[in-house]
Amino acid sequence: MTYNFKEIEAKWQKYWEQNHTFKAESSSDKPKYYVLDMFPYPSGAGLHVGHPLGYIASDIYARYKRHKGFNVLHPQGYDSFGLPAEQYAIQTGQHPAITTEENIKTYRRQLDQIGFSFDWSREVRTSSPDYYKWTQWIFIQLFDSWYDNTIDKALPISELVALFSKEGNETIDAVCDDDTPSFTATEWTAFSEKEQQKILLNYRLTYLAKTEVNWCPELGTVLANDEIINGVSERGGFPVVRKKMTQWSMRISAYADRLLTDLEKIDWTDALKESQRNWIGKSVGAAVRFNVVDFEAKIEVFTTRPDTIFGVSFMTLAPEHELVQAITTEAQKAAVDDYILATSKRSERERMADVKTISGVFTGAYAEHPFTKKPIPIWIGDYVLAGYGTGAVMAVPCGDQRDYDFAKQFGIPIPNIFHDTDISEEAFTDKAKTKIANSEFLDGLDFKSATKRVVEALEEIKQGEGKINYRLRDAVFSRQRYWGEPFPVYYIDGMPQMIDKKNLPISLPEVEKYLPTEEGEPPLGRAEVWAWDTQKNKVVHNSKIDHKTVFPLELNTMPGWAGSSWYFNRYMDPHNADEFVSQAALNYWQEVDLYIGGSEHATGHLLYARFWQKFLFDRGYLPKDEFAKKLINQGMILGTSAFVARIEGSNTFVSNDKINNENIQYIHADVSFVNASDELNIEAFKSWRKEFSTAEFKLSDDGSFKVKREVEKMSKSKYNVVNPDEICEIYGADALRLYEMFLGPLEQYKPWNTAGITGVSSFLKKLWKLYVGDSGLKADDTTATKENLKTLHKTIKKVTEDIEQFSFNTSVSNFMIAVNELSAQKCTSREILEPLLILISPYAPHIAEELWAKLGYESSISTANFPIFEPKYLVESSKNYPISFNGKMRFTLELPMDLSKEEIEETVLAHEKTVAQLAGRTPKKVIVVPGKIVNIVG
RNA sequence: GCUCAAGUGGCGGAAUUGGUAGACGCGCUGGAUUCAAAAUCCAGUUUCUUCGGAAGUGUGGGUUCGAUUCCCACCUUGAGUACCA
């Protein structure tokens with residue numbers, strides 16, 4: 001009987017499905033364990049071999065935990081709203097829902113053939129109305145909440161309204177917009193309904209506001225900060241400009257501090273935590289307000305060095321700062337306007353690339369120093385960013401290199417306020433290494449006490465106070481797109497109104513085209529049935545709009561991260577029509593125990609999801625304020641691209657080892673045309689594209705044509721994609737699973753190389769041959785030898801450690817060693833083979849199931865208990881040689897194999913005592929770790 | 001510039017209380033089997049070597065009886081981030 005993996009794999013995949021083997025119940029006597037993958041966006045290209053890497057790892061862990069007696073939740077679903085389906089719809093007119101449905105089918109088929117232990121009965125799709133009903137509901141909850149700084153918690157907006165009518169807003173410490181006016185309780189009650197609503201928008205955790213946004217004209221939509229890389233859009237690489245627009249925003253800044261400090265309580269990688277810390281960007285310092293001379297205005301700055309306030313010799317505003325126009329003097333107006341125009345013409349990208357050039361213009365205005373009352377010239381310069389802090393800095397050239405360079409450039413004085421330092425060449429920035437001088441009441445103080453002293457002084461004269469500043473901005477939540485969640489919002493007199501929970505979901509309307517309207521409205525502006533009837537509580541035709549009972553609906557949709565910010569909770573109770581997830585399910589599953597996914601989501605998805613989790617926790621809907629205890633980032637599997645060399649301007653190709661001095665242009669060739677020795681199949685290449693059919697080839701000496709290889713991201717456009725379907729067809733799913741793990745450490749980036757798969761493939765064949773001969777099953781009831789047992793227990797120990805440490809690559813090696821050893825020992829004993837099969841089954845479940853069944857078991861191997869490691873088989877006898885080094889002695893003990901752990905410890909301790917006595921020291925405590933060599937140095 | 005991670009054969013990579021460096025696999029070499037090929041099996045495969053050995057984990061130092069492992073400095077590569085006041 002040969003190893004027919006195709007038949008076996010199909011058989012067991014069907015068996016698991018029919019027997020609901022991996023269905024998780026939300027109650028059990030067993031302890032729970034929740035293993036989650038980042039759900040995929042179902043793209044039209046289908047899966048390549050890189051995609052399943054993380055899924056295989058999580059599947060191994062989930063199967064392992066089941067063997068260990070846990071009730072495991074291991075779900076999967078689709079992040080199915082997104083740009084590609086919409087762009088395809090724009091091109092072809094096909095509804096994105098249809099495209100998405102087709103892509104999901106392909107994904108499902110591809111995932112199924114790999115043999116994952118997903119509980120598909122819990123599948124979620126973010127684009128399904130049953131799901132986004134609850135995304136809309138969460139949005140309403142956010143709208144209905146404000147953030148109380150005194151107890152660090154989100155509360156219902158009704159409580160804020162109650163406070164306003166009792167005591168106004170002076171006494172309330174809440175997160176709100178800076179320009180919120182103060183009012184008393186009487187004033188509040190006197191406000192019109194609309195005025196009240198406007199004020200409340202300043203407090204709500206999602207709010208509508210005219211804000212400066214990142215507008216991408218090419219994509220026709222706004223983008224969040226994390227969707228922009230190096231000044232261009234993450235998707236497509238299009239330029240992004242700043243623009244003021246009325247948009248929905250999420251007040252994530254309210255949670256900045258908790259998002260930062262709570263990183264300490266979760267087991268995520270340091271690299272990932274670090275990038276979240278950078279993104280949040282906390283700086284401790286002070287706000288200082290400078291009066292403008294002869295002008296009714298104050299300029300507020302943020303500084304981390306308030307101790308250097310006596311070193312201020314000028315101020316710099318960002319060119320976009322709102323006071324610039326007002327304070328500029330007549331004489332300087334032309335120069336300032338020119339400068340602003342020149343800056344605005346430069347793209348973000350240019351500005352970032354060109355850090356060296358120092359530019360700026362004097363406004364002609366002066367500010368007044370809060371203590372010395374001396375005038376300070378106010379400049380504008382593009383090294384000050386409008387988007388950070390207040391968009392204005394107090395420049396201390398002696399203590400900041402950028403201020404220093406600016407002062408040098410424009411001949412501004414550089415007063416030194418540091419004791420005993422040299423600032424003739426550069427600024428002195430090491431705050432810990434000096435004391436303050438020439439600074440009146442701060443003289444002689446160090447950084448810490450000077451800061452404390454000056455903040456007190458500023459507060460006294462009401463010109464400033466201690467402040468913590470965050471880089472994290474509120475997240476823009478509107479997208480001018482079709483294929484996203486509609487907002488459950490309609491407008492009365494320009495003010496947003498929420499639709500009641502019982503009328504959700506508000507489903508996406510039909511449109512005839514998926515483009516923005518001619519007037520520049522989002523695609524939903526094309527919908528004809530898109531108005532809200534407050535009497536009938538349903539969506540009606542636009543012609544019914546009368547602004548009395550029927551009102552226009554919001555035209556924007558939610559961004560891609562809306563649906564992915566809470567899906568892990570929905571898996572706990574995916575079909576609940578009355579709640580986003582029931583308390584019973586939450587009480588049982590609590591949180592994700594292990595989350596596996598790519599590190600590219602470090603500052604996007606993973607930050608937003610933590611934010612929503614904390615918010616829903618505050619409002620009492622969730623039991624935990626962090627959603628994932630442990631997180632692992634799997635590395636990417638890269639493709640090995642093949643390049644053919646063409647002589648520029650001709651149709652002649654040169655073998656890569658035959659290139660002389662020609663001007664060469666490298667062209668991607670499909671990797672399927674190239675063999676393991678980097679030789680091109682010329683015929684296949686010629687018939688690939690019409691233009692190559694007449695091409696000429698300068699061959700290598702041995703008659704072959706060599707290509708150049710390079711490792712790149714796997715992508716269709718680079719013709720280096722390897723499809724898992726092919727691998728399953730030729731080698732089987734178990735081989736694919738083993739090989740993906742065998743390639744290298746999970747977290748590492750590594751290139752795919754199909755040639756190496758023969759190693760794991762022949763391992764599977766050997767395993768099969770060890771059990772199954774020509775006449776059927778070979779396993780029997782012979783007693784296992786000590787050698788057999790040693791091999792088994794060594795493997796149990798190593799594999800258990802490997803899995804616990806997510807070191808799946810070494811496990812595969814350990815299986816190979818075990819099978820090689822057992823083959824050499826001609827071991828056919830069931831006593832050994834059964835536990836070995838259970839060990840292997842998380843990695844190669846199909847072959848393990850088949851052999852398990854052949855051994856006569858009726859149940860699935862997935863329910864078997866993980867074998868127990870017995871250290872006594874592992875104690876190695878080793879060479880016994882005392883060696884003398886400079887009078888010190890080292891002993892390696894030789895111990896009999898069948899001692900228990902306690903006996904070993906006793907023996908070792910006895911030796912330690914003897915040696916210690918001889919060496920004249922006190923005996924140390926002895927801890928024996930199985931499989932380790934025991935050393936005693938005397 | 002800053003932060004983090006990593007440097008081991010021809011290649012992917014093993015090696016954690018500091019204890020025989022190179023496990024396992026690919027590739028390569030030789031052999032068996034075959035009319036032949038594929039497949040399979042066996043042996044070898046860090047480098048140098050006068051065949052006794054010697055050197056060797058990016059470089060230079062240090063700690064230690066003993067360092068791929070710990071410490072210091074430097075070099076290289078990768079990732080993230082960037083005029084953050």
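Just so you know, these numbers come straight off a predicted model, no measurement behind them. Proteins come first, then strands; the chains are lettered A, B, ... in the order of their sequence lines, and each starts at number 1.
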**Q** Using heavy atoms and a sub-4.0 Å distance, could you list which residues of residues 806-823 of chain A are near RNA chain B? By number, please.
**A** A/N809, A/T810, A/S813, A/M816, A/I817, A/N820

**Q** I want to verify the glycosidic state of B/rG9; is it syn or anti under the 90° rule?
**A**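 You should classify B/rG9 as syn.
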
**Q** What distance, rounded to whole Å, do you find between the two C1' atoms, one in B/rU8 and one in B/rG13?
**A**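 It comes out at 9 Å once rounded to the nearest Å.
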
**Q** Going by a 90° cut-off around 0, is B/rG78 syn or anti?
**A** anti

**Q** Return the stems involving RNA chain B, sorted by first number, where pairs are Watson-Crick (N1-N3 with N6-O4 or O6-N4) or G-U wobble (N1-O2 and O6-N3), both under 3.5 Å, and runs are 3 or more long.
**A**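 Stem segments, range with range: B:1-7 with B:75-81, B:10-12 with B:24-26, B:27-32 with B:40-45, B:46-48 with B:53-55, B:58-62 with B:70-74.
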
**Q** Taking the basic N atoms (NZ, or NE/NH1/NH2) and the acidic carboxylate oxygens, is any pair closer than 4.0 Å for A/E821 and A/K790?
**A** no

**Q** Given the P atoms of B/rU33 and B/rC28, what is the spacing between them in whole Å?
**A** 22 Å

**Q** Could you tell me whether a side-chain N or O of A/R709 sits under 3.5 Å from a main-chain N or O of A/T640, the two making a donor and an acceptor?
**A**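 Side chain of A/R709 to backbone of A/T640: a pair is present.
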
**Q** Cut-off 3.5 Å, side chains only: do A/S641 and A/E712 have a donor facing an acceptor?
**A**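 The answer is yes; a qualifying pair exists.
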
**Q** List the steps and the verdict of ring pair (Phe, Tyr, Trp, His ring centres under 6.0 Å) for A/W752 and A/Y739.
**A** CA-CA 10 Å; A/W752 178 267; A/Y739 188 54; 5.2 Å; yes

**Q** Aromatic rings A/F406 and A/F410: how do their planes relate, parallel, tilted or perpendicular, breaks at 30° and 60°?
**A** tilted

**Q** Once side-chain contact (heavy atoms from CB on, under 4.5 Å) is applied, do any residues pair with A/A450, and if so which ones, sequence neighbours excluded?
**A**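 Residues passing side-chain contact (heavy atoms from CB on, under 4.5 Å) with A/A450: A/D307, A/I436, A/L442, A/L445.
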
**Q** Whether A/R277 contacts B/rU81 is assessed here as follows: a side-chain N or O lying under 4.0 Å from the phosphate OP1 or OP2. Is that the case?
**A** no

**Q** Counting the atoms with a prime plus P, OP1 and OP2 as sugar-phosphate, which does A/K766 contact under 4.0 Å by heavy atoms, base, sugar-phosphate, or nothing?
**A** sugar-phosphate

**Q** Does one side chain, of A/Y608 or A/T603, offer a donor that lies under 3.5 Å from an acceptor on the other?
**A**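 Distance-only check fails for A/Y608 and A/T603.
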
**Q** Please list, chain by chain and in numerical order, all residues satisfying side-chain contact (heavy atoms from CB on, under 4.5 Å) with A/N4, sequence neighbours excluded.
**A** A/K6, A/E7

**Q** Considering only the C1' atoms, how many Å lie between B/rU16 and B/rU69, rounded to the nearest integer?
**A** 7 Å

**Q** Under 4.0 Å, counting only non-hydrogen atoms across every strand here, what does A/T758 touch: a base, just sugar-phosphate, or nothing?
**A** sugar-phosphate

**Q** Short of 4.0 Å, heavy atom to strand atom, which residues of residues 735-749 of chain A count as contacting RNA chain B?
**A**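 Result for residues 735-749 of chain A: A/F742, A/L743, A/P745, A/Q748, sorted by number.
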
**Q** Say you pick atom P in B/rA6 and the same atom in B/rG10; how far apart are they, in whole Å?
**A** 23 Å

**Q** Between B/rU64 and B/rC84, how many Å separate the two C1' atoms, rounded to a whole number?
**A**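 After rounding to an integer number of Å, I get 46 Å for this pair.
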
**Q** Nearest of B/rU40, B/rG13, B/rG80 to any side-chain atom of A/S275?
**A** B/rG80

**Q** Return the value, rounded to whole Å, for the distance between atom CD of A/Q401 and atom P of B/rC84.
**A** 12 Å

**Q** Are any side-chain N or O atoms of A/Q401 and backbone N or O atoms of A/A427, one a donor and one an acceptor, separated by less than 3.5 Å?
**A**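 Checked: pair present.
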
**Q** Working to the nearest 0.5 angstrom, can you tell me the gap between A/H369 NE2 and A/F290 CZ?
**A**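 Going from the NE2 atom of A/H369 to the CZ atom of A/F290 covers 6.0 Å.
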
**Q** Less than 3.5 Å apart, which donor and acceptor atoms pair up between the side chains of residues 808-815 of chain A and the rest of the protein, not counting sequence neighbours?
**A**
| from | atom 1 | to | atom 2 | distance (Å) |
| --- | --- | --- | --- | --- |
| A/T810 | OG1 | A/D802 | OD1 | 3.1 |
| A/T810 | OG1 | A/D802 | OD2 | 3.4 |
| A/T810 | OG1 | A/S807 | O | 2.9 |
| A/T810 | OG1 | A/S807 | OG | 2.8 |
| A/S811 | OG | A/D802 | OD2 | 3.1 |
| A/S811 | OG | A/Y843 | OH | 2.7 |
| A/N814 | ND2 | A/D802 | OD2 | 3.0 |
| A/N814 | ND2 | A/T810 | O | 3.2 |

**Q** Pick the C1' atom in B/rG27 and in B/rC11, then give their distance to the nearest Å.
**A**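 Roughly 7 Å separates the two C1' atoms.
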
**Q** What class does the angle between the rings of A/F418 and A/F428 fall in, given that below 30° is parallel, 30 to 60° is tilted and above 60° is perpendicular?
**A**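 A/F418 vs A/F428 ring planes: tilted.
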
